[in-house]
Amino acid sequence: MKTIHIAKADAAPEFDRELIAALPSSGPRYTSYPTADRFHSGFGEAEYIATLAQRGAGALNKPLSLYIHIPFCDTICYYCGCNKIITKDKTRADEYLDYLEREAELLAPHLNGKNPLAQLHFGGGTPTFLSDGQLDRVFAMIRRHFTLLGEGEYSIEIDPRKVSRDTVHHLGRLGFNRMSVGIQDFDPKVQAAVNRIQSVEETRNVIEAAREAGFKSVSVDLIYGLPHQTLDSIKPTIDTVLSLDPDRLALYHYAHLPHIFKPQRRIDTAAVPSSEEKLDILQYAVRRLSEAGYVFIGMDHFAKPNDELAIALREGLLQRNFQGYSTYADCDLVALGVSAIGKIGGTYEQNERNITDYYAALDAGRLPVMRGYRLNRDDILRRNIIQDLMCRFALDYRDYEAAFGIPFARYFAAELADLRQMEQLGLVALTPRSLAVTPKGRFLIRNIAMVFDYHLRHRETKAQYSQTV
């Protein structure tokens, strides 16, 4: 009988190329379950307000998180699939902030006072498209409606090409204590191909300024699979990134979908590395990061052993939300801005994705909810299971039997049949009461989580998911 090896939560994953190539190549990232492609227009402003009323009445007693979407960029990165507006005119942000403030004012009566914020995240676009004065204005709005905490987790996404050391210090004074720095690749040929020219020096300046300003954590983002990337070309980038000594690192797979994302049509498809080349790059990067002492957190994220994420993983307290992995217990999420997605109790809410529609809703005096979703009991059960798989690499069936009053083996008979096939491949180890993900299964955790996705099993979708590895 083949021996299945089980490892600690923070143990290194095992990179099995043949296994990776043999399994389905695309699937959800599970920043939510059900995934956003299941949201529908039957959930709108009225349903959102009703859910907020439940929270205000004390029925939903969770910490609160706030997400603010800043959609502007002054240059276009050809690989990017985010909801963004390309402009160099900063006055457009003044108009946007008018509407952001209006949305916050409309929301305030439904929040039952100034809620303390466990988490705050600025995403985009490029949040630092905003000037220091415009950032001050956003924070004045936040402080009118919420209470910032000394121990809160307040993060912002940074484009180092547009940020001075003074601005980084200003961000620290405002209250930010974590930042994510976009790098993608330092190779000049790759940068030219994706229209993102960024020097090592300006990147280092931002990271050093963050440490001077007292930021608790600096994360960097890399992308593998970009045009003209090769195994040899990525090595100097990895070495340089390690010299920057980030606390956390994300290594994302580039999804080349020019039929969906128009900017990608400017990328030469012939220059995009093959699947074999991408696996070469990923395998090398993972080995180098492991040798440098970084802990594999899950999916495409790594952290230093003393980082809060690595500690949370070891202690079984890791969480996952729309911004990725988190150390905080499950929070309700209020989201402001065009296309922003929130989560209150057992519901998801997404704002209008088109800025004209977003403005029109607010001009009409209504919250700009475009679509959403109310989870049923089965959704909540499966959301808990997928969260545990993504964050703890293990399931104890008795937890769900006690919480939901179900016989696990009978309820998930079809899923367990699929998992037994995965056990034969060495991805998981099963007992009558538990599931544990093996080191081989760590990189394929999305494939394992997909087994429990009712909507993938029973309902078709037109969504284009990213590659699982």
Side-chain angles (χ1 to χ4, degrees), residues 1-30 224-225 231 238 249-253 274-303 305 309-310 312-314 316 318 320 324-325 385-397 412 414-453 456 465-469:
M1 180 182 293
K2 182 168 61 175
T3 301
I4 300 293
H5 296 285
I6 306 301
K8 297 186 300 180
D10 60 344
E14 185 178 328
F15 199 92
D16 188 323
R17 291 184 62 136
E18 291 185 9
L19 194 54
I20 290 170
L23 290 174
S25 61
S26 63
R29 293 184 61 80
Y30 292 117
Y224 72 96
L231 178 58
I238 299 293
L249 189 147
L251 184 62
Y252 296 114
H253 178 270
S274 68
S275 296
E276 280 294 308
E277 291 171 316
K278 285 188 281 190
L279 283 178
D280 287 340
I281 294 168
L282 177 62
Q283 187 170 16
Y284 172 79
V286 170
R287 179 173 61 80
R288 284 286 286 119
L289 293 173
S290 298
E291 290 172 349
Y294 284 85
V295 174
F296 178 67
I297 300 299
M299 286 181 51
D300 31 36
H301 284 66
F302 298 80
L309 281 184
L313 176 65
R314 284 196 298 273
L318 193 67
R320 187 161 175 77
Y325 286 101
I385 288 171
I386 289 171
Q387 173 91 188
D388 284 339
L389 283 171
M390 304 293 282
C391 297
R392 283 167 275 289
F393 298 115
L395 303 177
D396 185 329
Y397 305 159
F412 292 111
E415 288 81 356
L416 288 171
D418 289 347
L419 288 167
R420 281 189 281 274
Q421 294 180 25
M422 288 189 164
E423 185 177 37
Q424 293 300 311
L425 296 172
L427 291 174
V428 297
L430 302 174
T431 76
R433 289 291 188 181
S434 67
L435 174 157
V437 179
T438 67
K440 280 186 179 183
R442 296 289 171 88
F443 268 116
L444 293 157
I445 192 62
R446 288 162 70 181
N447 294 81
I448 298 168
M450 286 161 61
V451 170
F452 287 96
D453 190 327
L456 279 183
Y465 297 120
S466 62
Q467 285 195 241
T468 55
V469 178

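For the single chain, residues carry numbers from 1 onward in sequence order. Side-chain atoms are counted along with the backbone in the values below, which use heavy atoms only and exclude waters and symmetry mates.
- In this structure, Tyr224 has its ring center no closer than 6.0 Å to that of Tyr252.
- Arg287 meets the side-chain contact (heavy atoms from CB on, under 4.5 Å) test with Tyr284, Glu291; sequence neighbours excluded.
- Rounded to the nearest 0.5 angstrom, Leu435 CG and Met422 CE are separated by 10.0 Å.
- With values rounded to the nearest 0.5 angstrom, Asp396 atom CG is found 8.5 Å from Arg433 atom CZ.
- Of all the heavy atoms in Met450 and Pro28, the pair that sits closest is CG-CD, 3.9 Å.
- Taken from CG in Leu425 to CD in Gln421, the straight-line distance is 8.0 Å, to the nearest 0.5 Å.
- Arg288 and Ile238 make their closest contact through CB-CG2, 4.0 Å (heavy atoms, listed as atom of the first residue, atom of the second, distance).
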Side chain to side chain contact (heavy atoms under 4.5 Å, CB included), that's the test. Do Tyr30 and Ile445 meet it? Break it down for me. CA-CA 10 Å; Tyr30 292 117; Ile445 192 62; over 6 Å; no
Worked check of salt bridge (Lys or Arg N to Asp or Glu O under 4.0 Å) between Asp16 and Arg442: CA-CA 10 Å; Asp16 188 323; Arg442 296 289 171 88; over 6 Å; no
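- Here Arg29 pairs with Asp300 in a salt bridge; the nearest charged N to carboxylate O distance falls below 4.0 Å.
- For the pair Leu427/Val437, no side-chain contact is recorded, criterion being any heavy-atom separation below 4.5 Å from C-beta on.
- For the residue pair Leu389 and Ala449, the shortest heavy atom distance occurs at CD1-CA, 3.9 Å.
- In terms of heavy-atom proximity, Leu395 sits nearest to Asp388 at CD2-CB, 3.7 Å.
- The pair Asp280-Arg17 meets the salt-bridge criterion, with a side-chain N (NZ, NE, NH1 or NH2) lying under 4.0 Å from an Asp/Glu carboxylate O.
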Let's go through Phe443 and Val286 carefully: what are the C-alpha distance in whole Å and the side-chain angles of both, what is the deciding distance for side chain to side chain contact (heavy atoms under 4.5 Å, CB included) to 0.1 Å, and is it a yes or a no? CA-CA 10 Å; Phe443 268 116; Val286 170; 3.3 Å; yes
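- Distance check: Tyr397 OH to Leu430 CG gives 5.0 Å after rounding to the nearest 0.5 Å.
- Using modelled atom types, one side-chain atom of Gln387 and one backbone atom of Arg320 make a donor-acceptor pair closer than 3.5 Å.
- Atom-to-atom distance recorded for Ile297:CD1 and Tyr325:OH is 8.5 Å, nearest 0.5 angstrom.
- Closest of all the heavy-atom pairs between Met299 and Met390 is SD-CE, 3.0 Å.
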The test is side chain to side chain contact (heavy atoms under 4.5 Å, CB included); show your working for Ile448 and Leu419 and say whether it passes. CA-CA 8 Å; Ile448 298 168; Leu419 288 167; 4.2 Å; yes
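- Within the model, atoms CZ of Phe302 and CG of Leu249 stand 7.5 Å from one another, a figure rounded to the nearest 0.5 Å.
- Ring planes of Phe393 and Phe296: parallel class, angle under 30° (limits at 30 and 60°).
- Taking all atoms of both residues into account, the shortest heavy-atom contact from Cys391 to Leu313 is O-CD1, 3.4 Å.
- No close placement of the Tyr294 and His301 rings is indicated, their centers lying 6.0 Å or farther apart.
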